[in-house]
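What follows is a set of notes on a single structure, which appears directly below.
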Amino acid sequence: MDKKLVVGNWKMNLLREEARELSGALVNLLGEGYDACQVVLAPPYTALEVVRNCISASNVDLGAQNVFGEVRGAFTGEVSASMLVDAGCRWVIIGHSERRHILGETNEQIREKVSLSISCGLKIILCVGETEAQREEAIRKSEDVLTRRRFLFSPIRTQMESALRSLDEKQVSDIAIAYEPVWAIGTGKTATSLEIAEIHQYIRELLTEMFPGSGNNVRILYGGSVKTCNIEDIVSVEEVDGVLVGGASLSVDSFFKIIKSVGG
Ligand code: PEP
């Protein structure tokens, strides 16, 4: 398996000058040759170029937060996978819960985004996770552990099967799965180590069932209110191959501490 992966998702934050300062300060702190873990910055589209320039001499990679599922054409306001490559991106986040739940993205649209991005050579961070209502329903309906698990895992199975079904063994090695329980994103609530381990184990089982040759090499990240105060616990979970960080990636001090906790 590749090195652990730490992704900073800046969401709709930071003007270009702020983005330049933050990415420049991060590269200074890490040092240009830092490669104990793979770091990816995902700024808003408007700041891709300034961040690309700041990180160009380092091992930090550029990522986008979204992509459109068509090659080109009359899709006002959208950005294609080849445009992201042209802008210097190596990665793209697909299926983030804010896009699924606020912007109404469907599993079918996510599958199209995944397959076009892969064909353009982008690496993908595919986000999956259950809502609070789905988790509560699983707890309510569970007469036994197996039934609880079946209900809990069901939304994740649907999201993963739909997004990955057209990929082959080679293509899936360009994917990292980010398990992000929706109720933990931006809320300050974090899943416990046991909850994270249980879902990551399930995701691994599903990956190896779908891709017997390469499912074991796909990195599985955790995301959802990752902070300096909980990163040590999260990264000590054996099944965690990295983290997807929102709010705490907007401060150089906290993001740097998180990266060092993951990579050393
Ligand atoms: C995210 O943006 O994917 C995320 C997990 O956000 P936060 O760390 O702020 O919960």
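Ligands are counted one by one from 1 in listed order, and the atoms in each one are counted from 1 as well.
- Side-chain atoms of Thr228 do not come within 3.5 Å of backbone N or O of Ser254 as any donor-acceptor pair.
- In this structure, Gln65 contributes its side chain and Ala42 its backbone to a donor-acceptor pair below 3.5 Å.
- Checking each of Lys3, Arg52, Arg90 against Asp61 for a salt bridge (charged side-chain N to carboxylate O under 4.0 Å, His left out) leaves exactly one that passes, namely Arg90.
- Residue Thr187 has no nitrogen or oxygen atom sitting less than 3.5 Å from a nitrogen or oxygen atom of ligand 1, judged on distance alone.
- A donor-acceptor distance shorter than 3.5 angstrom exists from the side chain of Asn59 to the backbone of Gly33, with no hydrogens or angles considered.
- Listed by atom number, the atoms of ligand 1 under 4.0 Å from Glu180 heavy atoms are 1 (C), 3 (O), 4 (C), 5 (C).
- Note: an N/O pair closer than 3.5 Å links Lys11 and ligand 1 by distance alone.
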_Could you go through Lys123 and Val40, starting from their C-alpha distance and side-chain angles, then the distance that decides it, and tell me whether this counts as side-chain contact (heavy atoms from CB on, under 4.5 Å)?_
CA-CA 11 Å; Lys123 291 174 180 281; Val40 178; over 6 Å; no

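- Taking only nitrogen or oxygen atoms, main chain and side chain alike, Gly186 reaches within less than 3.5 Å of ligand 1.
- Of the candidates Glu132, Gln134, Glu130, Trp183 forms a side-chain hydrogen bond (donor to acceptor under 3.5 Å, both in side chains) with just one, namely Glu130.
- In Ile185, the parts holding a heavy atom less than 4.0 Å from any atom of ligand 1 are both the side chain and the backbone.
- Nearest protein neighbour of atom 8 (O) of ligand 1, counting heavy atoms only, is Gly246 N, 2.9 Å.
- Between the side chain of Thr158 and the backbone N or O of Ser154, at least one donor-acceptor pair lies under 3.5 Å.
- Of the protein's non-hydrogen atoms, Gly247 N, 2.9 Å is the one closest to atom 9 (O) of ligand 1.
- Ring orientation note: the planes of His200 and Tyr222 are tilted relative to one another, at an angle of 30° to 60°.
- Short contacts between ligand 1 and Leu244, defined as distances under 4.0 Å to a heavy atom of the residue, involve ligand atoms 3 (O), 5 (C).
- His96 NE2, 3.2 Å is the protein heavy atom nearest to atom 1 (C) of ligand 1.
- Heavy-atom separations between Ser225 and ligand 1 include at least one value shorter than 4.0 Å.
- Remark: distances from the non-hydrogen atoms of Ala184 to ligand 1 include one below 4.0 Å.
- Contact atoms of ligand 1 toward Gly224: 5 (C), 10 (O) (distance under 4.0 Å to a heavy atom of the residue).
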